[in-house]
Amino acid sequence: MGSSTPLVKAVKGMNDILPVDIGRWHAVEGAFARSMQRLGYREIRTPYVEPTPLFVRAIGETTDVVEKEMYSFRHHDEPLTLRPEGTAGAVRAYVEHGVHNTEPVTRWYYHGPMFRAERPQRGRYRQFYQLGAECIGDAGPGCDAEMIDALVGFLQDIGIEKPDVFLNSIGSGDTRARYKEALTAALSPMKDKLSADSQRRLTTNPLRILDSKHPADAEAIATAPTILDFLSDADRAHWDELRRQLDALGTPYQVDPKLVRGLDYYTRTLFEIKGAYDKLGAGSTLLGGGRYDGMVKDLGGPEVPAIGFAAGLERLLIASTLEVSASVVDVFVAPLGEGTQAPALVLARDIRRAGLRCEVDTRKASMKAQLRRANALGARVCLILGDREVNEGVVEMKDLAAHVQEKVARADVVARAAAVVASPVPPAREGDGK
RNA sequence: GUGGCCGUAGCUCAGCUGGUAGAGCGCUGGAUUGUGGUUCCGGUUGUCGCGGGUUCGAACCCCGUCGGUCACCCCA
């Protein structure tokens, strides 16, 4: 009946995904899996809960994620955390299973929920879903270029017309150390003019100032030295080669020397893809990633390079124009009259055994109500089984899209219904049925 | 986490300087006592997010709280 006030509600920032919406989720997840499999990636699933120190080590002690966004708790004195991202767990699994001993290059993709205690808004939730992949064991820029190119293709596959790729290199350890020094030196004199956040960042994490949207920081950012001028020879070679290969692939990108990311583990290549600005506003980063050549070793493994990315599934769904069939069943069986339920159940089971989706009405509803339901479920065929039909050994088969109906022998009805379901939907016509 | 805006039926929303709720869609019944979708006619739905306060009287004003949203922080 009417409405009701729930006694218990879902946790803030954590949402139900209802069946009406799940089709689009499946479509995007499926497109992603196919796209990664075509590149030789295999799926990995890791736990949603990991030991807290994994994230502290991998992501970095002073990052916002670790400092204030993790769902952490103790269980029997063991510090645990709901994973805030997927790379740390994948790399932990890589090290734990000694995967480097079994193959030179490892390509894994994953999808699943992540948890971050931020203030929710559109496209940003406390339990959210990521699609991601890691390529471990190849240091070359070709690996980076291939990944970026494939991602653009994937986004186009799900109907995101023109994804914008932003690209940067933040070099490796020594490059970054020299740049940090130069940046701090350049910005310190104007410290008083910076925003409060950036003044603090000057000592904690000066790179992040480049990312600030605060108007007070605009001038400092504009005049700051760019990290691309500080690249070591090896870093520069990687960077130049990456761009050459992207050009060869014909994948457009924009160099953004101010692109920095909030996780400490990145080295060299950094990329971000944005799109659907009108629908996503400030959260239009669809996907971000980069190289993390040091993490495997940091987590106790061998010195092995790696690159990966993660995409926000909710954001992809907002940006995607994919449309998905709302049809729930292929065939609807409508029993009419007293003795018809049992034959209807048998008929429905036969239909399902032929591989079709079929719902049978067990409510004893009127024919009108049953046909309405058949229509609402998106059935192509409605099989009407009244006492008359049962007695005659036939079924009334109605093609709901073509608006035609015929009497079919019970023995033939499964094959005939299957043929109708497989046949193209006739062109829509104006009009009223007869 | 900081600040702004919002919260009325399942959905989208209306409700005039406070006088105790309305539309469309949906759902449902009928027109067609065995035929959907289209058409026509009828019916149905609310502790006006929650708690407190002001007032003779609150959906409307005030405080708190929860939720959403936008921006920031940050990120996917």
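Per chain, numbering begins at 1; letters A, B, ... match sequence-line order.
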Of the nucleotides [options], which one has an atom closest to the side chain of [X]?
X: A:N375; options: B:C70, B:G34, B:G36; answer: B:G36
X: A:R124; options: B:G36, B:G1, B:G29; answer: B:G1
X: A:D64; options: B:U35, B:A76, B:C73; answer: B:C73

With heavy-atom distances below 4.5 Å as the criterion, would you say the side chains of A:T269 and A:N168 are in contact?
no
Which of these passes salt bridge (charged side-chain N to carboxylate O under 4.0 Å, His left out) with A:D144: A:R291, A:R268, A:R243?
A:R291
Can you check whether [X] has a side-chain N or O nearer than 4.0 Å to OP1 or OP2 of [N]?
X: A:R261; N: B:A76; value: yes
X: A:S212; N: B:C73; value: yes
X: A:K368; N: B:U35; value: no

Proximity of A:Y179 and A:F230 rings by center, below 6.0 Å
yes
Tell me if the centroids of the rings in A:F154 and A:F32 come within less than 6.0 Å of each other.
yes
Residues of [range] with any non-hydrogen atom less than 4.0 angstrom from an atom of RNA chain B: list those, numerically ordered, please.
range: residues 381-392 of chain A; result: A:I384, A:R388, A:E389
range: residues 112-121 of chain A; result: A:R116, A:E118, A:R119, A:Q121
range: residues 22-43 of chain A; result: none
range: residues 315-349 of chain A; result: A:R315, A:L336

Side chains of A:T204 and A:T62 only: does a donor on one sit below 3.5 Å from an acceptor on the other?
no
Would you kindly say whether A:R315 and A:S284 are connected by a side-chain donor-acceptor distance under 3.5 Å?
no
List in chain and number order the residues that pass side chain to side chain contact (heavy atoms under 4.5 Å, CB included) with A:S212, two or more places apart in sequence or in another chain; answer none if no residue qualifies.
A:S198, A:R201, A:H214, A:D217, A:I221
With A:D211, which residues qualify under side chain to side chain contact (heavy atoms under 4.5 Å, CB included), at least two apart?
A:R208, A:V260
For [N] versus [M], give the span between their [atom1] atoms, rounded off to a whole number of Å.
N: B:C6; M: B:G53; atom1: C1'; answer: 22 Å
N: B:A9; M: B:G43; atom1: C1'; answer: 15 Å
N: B:G7; M: B:C13; atom1: P; answer: 11 Å
N: B:U47; M: B:A59; atom1: P; answer: 14 Å
N: B:C62; M: B:A71; atom1: P; answer: 26 Å
N: B:A14; M: B:G42; atom1: P; answer: 27 Å
N: B:G24; M: B:C40; atom1: P; answer: 12 Å

Can I get a per-line list of side-chain donor-acceptor pairs under 3.5 Å for residues 378-385 of chain A, giving both atom names and the distance, sequence neighbours left out?
| from | atom 1 | to | atom 2 | distance (Å) |
| --- | --- | --- | --- | --- |
| A:R380 | NE | A:D399 | OD1 | 2.9 |
| A:R380 | NH1 | A:V420 | O | 3.2 |
| A:R380 | NH1 | A:S423 | O | 2.8 |
| A:R380 | NH2 | A:D399 | OD2 | 3.1 |
| A:R380 | NH2 | A:S423 | OG | 3.4 |
| A:R380 | NH2 | A:P424 | O | 3.4 |

Does [X] have any side-chain hydrogen bond (donor to acceptor under 3.5 Å, both in side chains) partners at least two apart in sequence or in another chain, and if so, which?
X: A:T251; result: A:D149
X: A:D350; result: A:R410
X: A:E67; result: none

Please report the interatomic distance CD1(A:I59) to OG1(A:T81), rounded to the nearest 0.5 Å.
9.0 Å
Would you give the length of the straight line joining atom CG of A:L202 to atom CZ of A:R200, rounded to the nearest 0.5 angstrom?
11.0 Å
Spell out yes or no: do the side chain of A:Q405 and the base of B:U35 have one donor N/O and one acceptor N/O closer than 3.5 Å?
yes
To the nearest Å, how far apart are [X] [atom1] and [N] [atom2]?
X: A:Y125; N: B:U69; atom1: OH; atom2: P; answer: 5 Å
X: A:D361; N: B:G34; atom1: CG; atom2: P; answer: 15 Å
X: A:D197; N: B:C73; atom1: CG; atom2: P; answer: 7 Å

CA sep, side-chain torsions, deciding dist, call: A:E134, A:Y94, side chain to side chain donor-acceptor pair (under 3.5 Å):
CA-CA 10 Å; A:E134 319 293 345; A:Y94 177 88; over 6 Å; no
Base, sugar-phosphate alone, or nothing: which one does A:A374 contact when heavy atoms must sit under 4.0 Å apart?
nothing
Contact class for A:K9 (heavy atom, under 4.0 Å): base, sugar-phosphate, or nothing?
sugar-phosphate
List for me each residue that meets ring-ring contact (aromatic ring centres under 6.0 Å, His included) alongside A:Y129, sequence neighbours excluded, and say none if there are none.
A:W25
A:A365 backbone acceptor or donor facing A:Q370 side chain under 3.5 Å
yes
Runs of at least three consecutive Watson-Crick or G-U pairs, both distances under 3.5 Å, are what I'm after; which ones involve RNA chain B?
B:1-7 with B:66-72, B:10-13 with B:22-25, B:27-31 with B:39-43, B:49-53 with B:61-65
